[in-house]
Every structure is written in C-alpha cells, then in structure tokens.
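Numbers here simply count residues along the sequence, with the first being 1. The basis for the numbers below is simple: all heavy atoms, side chains too, and nothing from hydrogens, waters or symmetry mates.
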Amino acid sequence: LNCRFGKFCTALPTCDKYFGGVGSFFSFRPTSGSFEANPPFIPEIMLAMVRHIHTLLENATGPLSFVIVVPGWEEDLAWAELNSSPWKRCRWLIAVEDHGFCDGAQYQRQDRFRESPYDTGVFILQNDEGHHFWPPTEEIEREFRVAIAHAIPTPMMIQRRLRDARGMADKDGSGGVYKGKKSKSKRKLDER
C-alpha cells in the first residue's frame, strides 16, 4: 500500500515478497538505519509498534531512527508512550485541515488524494547516533508540512468521494467501505 521504497514490512509476506515485502514489522530487527513506520490505526497494533521500536533502539549497534506517523489520538496509550518516550527527538501535530493522504486504493479510484479524517501526529524516535546523522531540523519540518499539504484533495475530488460514499468514514457514513457495483458472485450470494 503506497510503497515508495524497495523494501517494506508487511502483514502479507507470502504475496508481498514479490514486490519487496520483507515480512512482519514485529520480526524486523534492524540495528542501524532510518525508517518510517505508519502502522494500521488500531490502538493495540500501534502500542505494540511503539514497544517494538523501543526495544530496537535499546539494542541498536549503530545510528537508528524512526519517523512514526499515527493519528492524532492524544488520549490513546500509544500516543502517550510515544510522547513520553526517552527516544523522542520531536513531535509534529498536523491539523486535519492542513493535510491529506495518498489513497491506498488510488489504483481503483479516479482521484489520488483523500482528506485526513483527523489530525496526524509525527514522532521522531532516535538513538544519539541516529540524532547525529539525521537531526530533525525546523527546515525538515517545514518541508514535511508543505509536502503533506500537497495531498489535500481539491473540492471536486471531495465532492466525488462524497457522491460515491467512498472512504470518508464519519463524513458520509461509509466507514471507508467501497459502495460501488458488486461483482456477479457477490450479488448471487446476497440473493440467497
């Protein structure tokens, strides 16, 4: 989903290995490097991710850095652990109106971008060597905010998504479920 780099962690290694998938994030054991983590927005998975990253940072043998993208759910336990992490170098909170996302289902949609349904938090966790190699400067934050703002959908894109009830969750009651034309096999099952 939105894979930009040659290798990525995946919950589906059997099929994703052909596209660069290297297996579960929870089996991933880098000792150095810089990585981005954008977990499924499920509280238990996000909390497990934070704890796994803490273990990786404790056991690092070289510079290690994680840029973590999570929903701005400040009441969530994962958010609290990220915010109080001894490895936290910075936190950026991106307001819901200031950014959008590249839609993971863009291959089957007319529009590439979608609105974010909530604020987004970006945490940078690093060991000392990682902070030395990849310091999170104010300039990097500015560049990040500009880049994520480019994903704000146009009013026409928003209108199409609302019309088609596609992925706006609470805004259209769809919860992100595709409400398009059913396949023949699905119609037959529904008719039974």
What I'd like to find out is whether the side chain of [X] reaches to under 4.5 Å of the side chain of [Y], using heavy atoms alone.
{"X": "Phe35", "Y": "Val67", "result": "no"}
{"X": "Gln126", "Y": "Phe66", "result": "no"}
{"X": "Thr137", "Y": "Glu141", "result": "no"}
{"X": "Val50", "Y": "His54", "result": "yes"}
{"X": "Leu47", "Y": "Glu81", "result": "yes"}
{"X": "Met46", "Y": "Asp76", "result": "yes"}
{"X": "Asp119", "Y": "Pro71", "result": "no"}
{"X": "Phe28", "Y": "Ile53", "result": "no"}

Linking I/L/V/M/F/W/Y whenever their side-chain heavy atoms sit closer than 4.5 Å, directly or via other members, would [X] and [Y] fall into one cluster?
{"X": "Phe8", "Y": "Leu56", "answer": "no"}
{"X": "Leu125", "Y": "Val69", "answer": "no"}
{"X": "Leu77", "Y": "Phe26", "answer": "no"}
{"X": "Tyr118", "Y": "Phe144", "answer": "no"}
{"X": "Met49", "Y": "Trp73", "answer": "yes"}

Taking the side chain from [X] and the backbone from [Y], do they hold a donor-acceptor pair closer than 3.5 Å?
{"X": "Asn127", "Y": "Leu57", "value": "no"}
{"X": "Asp98", "Y": "Ile94", "value": "no"}
{"X": "Lys7", "Y": "Gly20", "value": "no"}
{"X": "Thr55", "Y": "Arg51", "value": "yes"}

| message | Applying side-chain contact (heavy atoms from CB on, under 4.5 Å) to Thr10 and Ser24, what does each step give before you reach the verdict? | response | CA-CA 5 Å; Thr10 176; Ser24 171; over 6 Å; no
| Heavy-atom pair with the smallest gap, counting every atom of Ile45 and Pro39 |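 Scanning both residues, the minimum pair turns out to be CG2-CB, 4.5 Å.
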| So, for Pro136 and Ile124, which heavy atoms are closest and what is the spacing to 0.1 Å? |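 Residues Pro136 and Ile124, closest heavy atoms: CB-CD1, 3.5 Å.
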| request: Apply the test side-chain contact (heavy atoms from CB on, under 4.5 Å) to residues Leu64 and Trp87: give CA-CA distance (whole Å), side-chain angles for both, the deciding distance (0.1 Å), then the verdict. | output: CA-CA 10 Å; Leu64 189 58; Trp87 309 101; over 6 Å; no
| field | side-chain contact (heavy atoms from CB on, under 4.5 Å) between Ile68 and Leu82, worked out | value | CA-CA 9 Å; Ile68 302 162; Leu82 283 165; 3.6 Å; yes
| query | Taking it one step at a time, do His52 and Arg29 satisfy side-chain contact (heavy atoms from CB on, under 4.5 Å)? | reply | CA-CA 9 Å; His52 182 63; Arg29 304 264 187 272; 2.7 Å; yes
Can you tell me how far the [atom1] atom of [X] sits from the [atom2] atom of [Y], to the nearest 0.5 Å?
{"X": "Ile148", "Y": "Ser116", "atom1": "CD1", "atom2": "OG", "answer": "7.5 Å"}
{"X": "Cys9", "Y": "Asn38", "atom1": "SG", "atom2": "CG", "answer": "12.5 Å"}
{"X": "Ile140", "Y": "Arg145", "atom1": "CD1", "atom2": "CZ", "answer": "13.5 Å"}

| said: Go through it in stages, so that I can follow the logic: the residues are Trp92 and Phe123, the test is ring pair (Phe, Tyr, Trp, His ring centres under 6.0 Å), and I'd like the CA-CA distance, side-chain angles, deciding distance and then a yes or no. | reply: CA-CA 7 Å; Trp92 307 327; Phe123 290 84; over 10 Å; no
| Considering residues, nucleotides and ligands other than Glu138, do more than 12 of their heavy atoms fall under 6.0 Å from its CD? |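 Not buried by this count: 12 neighbours or fewer within 6.0 Å.
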| task | Using distance alone, with no hydrogens and no angle criterion, decide if His131 and Ser65 have a side-chain donor and acceptor under 3.5 Å apart. | result |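 The answer is no; no qualifying pair exists.
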